[in-house]
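Owing to the predicted nature of the structure, the values given are computational and were not obtained by experimental measurement. Whatever order the structure lists ligands and atoms in, that order sets their numbers, starting from 1.
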Amino acid sequence: MNIDLLIHNASQILTLAGGPQPGHDLGNLEVVENGALAINDEKIIAVGPSPELSKKYKATQEIDAAGRVVMPGFVDPHTHLIWAGDRAAEFEMRLAGASYMEILNAGGGILSTVRLTRSASVDDLVAQARGRLNRMLSHGTTTAEVKTGYGLETETELRMMEAILRLDTENPVELIPTFLGAHAIPSEFSDDPVGYTDLICDEMLPSLVQWWEENATERSLPFVDVFCETGAFNLDQSRRILERAKELGFQLKIHADEFDGLGGTGLAVELGATSADHLVRTPKEDIKTLGASKTVAVSLPCTPFGLAESDYTPAKAILEAGGILALATDLNPGTAWCESMQFPIALACRYMHLTPSQAIAAATINAAAAVARADTVGSLEPEKQADVLIIDTPDYRHLGYRFGVNLISTVIKRGKIVFSRGGEEII
Ligand code: NIG
Ligand code: FE
């Protein structure tokens, strides 16, 4: 049979076949040794032993993986890719002892990025995010969720949304948009968080529905997310926003338990949210509830690392409770400017005590579940999109074991080579 592309001679193909992996099932990579991958028409058509597939298929293009690892593209299910400026000065303030929430409550932090983002055009926002998105791609991310949330008023939030959709069309990385108008209380509402909550429910969310009908009818509605935290949105305000979003037909996400366990995770489960993210200070009861649900637990280890804090997501407890654990970068200018999914994998192995195979599953098939895309991406199985990485190592455990360098050799999105370092020696 004639096909578009055959990748052969892989030391290990990590297929991640079988769907999202809850609890102690996490880490089942379904490895094919000396494997090959047959791709046609942007999709995977077969995975199996190299000699067998090489005999069966005649490919227009062949890639000799030369003993490297082949695996699904990373899915990064939590990023704040779009912003203007940087916060290097605040990084120094934090090193000198100021806390992240103190800086925010004094009008800096997220609010300083909001000031710069409000004065940026869509072109500016796209131009500033483009380099970051290309870095995500070259580090192996083939699908990523991207949030708004540096506008905090309808017009800028929609401008951010337009920038996300534009980058999605110009870059191979597939972007999944999320509306995060509830990222912080803007300065003009600093004495009236309830007033801003009303604005989100009564004006911003309905405007988003209308904007979507006019600008993105062919796409499903974005996710809606809330930063449920002391100093941002309390549990009542988070509930109002998410309930209104649900009523309007949006799928839900939440930033919960980053600094305080306010009950956001329990709320996410109650409302059937697709994911609950951060989960550092999650109360025991909420871990139990989460574990018994389909809501994906998205851990963001770059964030405590970026803030030089010592507490990470209690991954073992979440897995013991049966939870579906995923990893993401949380790419943002305040706490975690990191484009590479390889780094949270390395952190999760050390500080969350995951094995490399568990961290890899959390960064692929479970991360796909965190953005409701486990049916199309996150594993290498017939009928799925051909989003494939060739890693410049002979053994998958080098992901996690090694850090601070890019181990990606080739990135393939929907069957096309979109990044290749070429000529590199293995190891
Ligand atoms: O997920 N915690 C809230 N939001 C982001 C940080 C955004 C920022 O500081 O600009 C997060 O960590
Ligand atoms: Fe975030």
Side-chain angles (χ1 to χ4, degrees), residues 76-91 93-94 98-118 120 125 128-129 132 144-152 156-157 160 164 176-186 223-234 238 252-262 264-265 268 273-281 296-309 311-313 326-339 344 347 367 370-371:
D76 189 343
H78 184 137
T79 86
H80 304 253
L81 167 72
I82 313 284
W83 75 80
D86 69 68
R87 307 228 295 272
E90 285 180 10
F91 176 55
M93 284 164 66
R94 281 195 281 106
S99 85
Y100 176 74
M101 289 310 275
E102 274 163 19
I103 294 173
L104 174 62
N105 293 332
I110 294 171
L111 296 178
S112 75
T113 302
V114 167
R115 285 189 286 279
L116 292 170
T117 304
R118 282 183 178 177
L125 293 174
Q128 292 196 42
R132 298 191 280 268
E145 184 258 16
V146 183
K147 301 173 196 296
T148 67
Y150 294 116
L152 311 185
T156 312
E157 287 292 316
M160 289 189 74
I164 297 171
I176 296 161
T178 293
F179 178 80
L180 182 57
H183 195 190
I185 310 291
F223 287 95
V224 167
D225 192 348
V226 178
F227 185 20
C228 179
E229 189 62 56
T230 312
F233 294 84
N234 67 25
S238 301
L252 311 178
K253 289 180 164 283
I254 192 165
H255 283 65
D257 314 325
E258 180 177 358
F259 302 107
D260 281 330
L262 299 186
T265 298
T274 306
S275 74
D277 303 31
H278 280 292
L279 310 180
V280 176
R281 303 261 145 66
V296 178
V298 178
S299 175
L300 311 165
C302 295
T303 308
F305 179 84
L307 292 169
E309 286 178 359
D311 290 340
Y312 287 76
T313 301
L327 287 171
T329 59
D330 196 19
L331 169 62
N332 76 77
T335 60
W337 190 328
C338 174
E339 288 93 341
L347 292 175
V371 285

Would a distance-only check, ignoring hydrogens and angles, find a side-chain to backbone donor-acceptor pair under 3.5 Å from E229 to A256? no

Any cation-pi pair here, R132 with W83, using under 6.0 Å and within 45°?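 Positive - R132 is close enough to the ring of W83 and near enough to its axis.
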
Taking distance alone, no hydrogens or angles, what donor-acceptor pairs closer than 3.5 Å link side-chain atoms of residues 99-110 to residues at least two apart or in another chain?
{"unit_1": "S99", "atom_1": "OG", "unit_2": "E102", "atom_2": "N", "d": "3.1"}
{"unit_1": "E102", "atom_1": "OE1", "unit_2": "S99", "atom_2": "N", "d": "3.1"}
{"unit_1": "N105", "atom_1": "ND2", "unit_2": "M101", "atom_2": "O", "d": "3.1"}

Have a look at [X] and say which of its N, O or S atoms is nearest the Fe ion (ligand 2).
X	value
D330	OD1
H255	NE2
H78	NE2
H80	NE2

Side chain to side chain contact (heavy atoms under 4.5 Å, CB included) partners for R115, two or more places apart: L111, S112

For F223, all residues meeting ring-ring contact (aromatic ring centres under 6.0 Å, His included), sequence neighbours excluded: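 If we apply the ring-ring contact (aromatic ring centres under 6.0 Å, His included) test to F223, skipping adjacent residues, there are no hits.
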
So, is H278 placed with an N/O/S atom under 2.8 Å from the Fe ion (ligand 2), counting both backbone and side chain? no

For H78, the option from H255, K253, H278 that meets side-chain hydrogen bond (donor to acceptor under 3.5 Å, both in side chains):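 That would be H255; it is the only one of H255, K253, H278 passing the side-chain hydrogen bond (donor to acceptor under 3.5 Å, both in side chains) with H78.
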
Hey, are T230 and D260 close enough side-chain-wise for a donor-acceptor pair under 3.5 Å? yes

Show the distances, to 0.1 Å, for all pairs joining an N/O atom of ligand 1 and a protein N/O atom that are shorter than 3.5 Å, listing one pair per line.
{"unit_1": "ligand 1", "atom_1": "1 (O)", "unit_2": "H80", "atom_2": "NE2", "d": "3.3"}
{"unit_1": "ligand 1", "atom_1": "1 (O)", "unit_2": "H255", "atom_2": "NE2", "d": "3.1"}
{"unit_1": "ligand 1", "atom_1": "1 (O)", "unit_2": "H278", "atom_2": "NE2", "d": "2.9"}
{"unit_1": "ligand 1", "atom_1": "1 (O)", "unit_2": "D330", "atom_2": "OD1", "d": "2.9"}
{"unit_1": "ligand 1", "atom_1": "1 (O)", "unit_2": "D330", "atom_2": "OD2", "d": "3.0"}
{"unit_1": "ligand 1", "atom_1": "2 (N)", "unit_2": "E258", "atom_2": "OE1", "d": "2.7"}
{"unit_1": "ligand 1", "atom_1": "4 (N)", "unit_2": "H183", "atom_2": "NE2", "d": "2.8"}
{"unit_1": "ligand 1", "atom_1": "9 (O)", "unit_2": "R87", "atom_2": "NH2", "d": "2.7"}
{"unit_1": "ligand 1", "atom_1": "9 (O)", "unit_2": "Y100", "atom_2": "OH", "d": "2.5"}
{"unit_1": "ligand 1", "atom_1": "10 (O)", "unit_2": "R87", "atom_2": "NH1", "d": "3.0"}
{"unit_1": "ligand 1", "atom_1": "10 (O)", "unit_2": "R87", "atom_2": "NH2", "d": "3.4"}
{"unit_1": "ligand 1", "atom_1": "10 (O)", "unit_2": "Y150", "atom_2": "OH", "d": "2.6"}
{"unit_1": "ligand 1", "atom_1": "12 (O)", "unit_2": "D330", "atom_2": "OD2", "d": "2.7"}
{"unit_1": "ligand 1", "atom_1": "12 (O)", "unit_2": "T335", "atom_2": "OG1", "d": "3.3"}

Report yes if the side chains of V371 and P77 come closer than 4.5 Å at any heavy-atom pair, otherwise no. yes

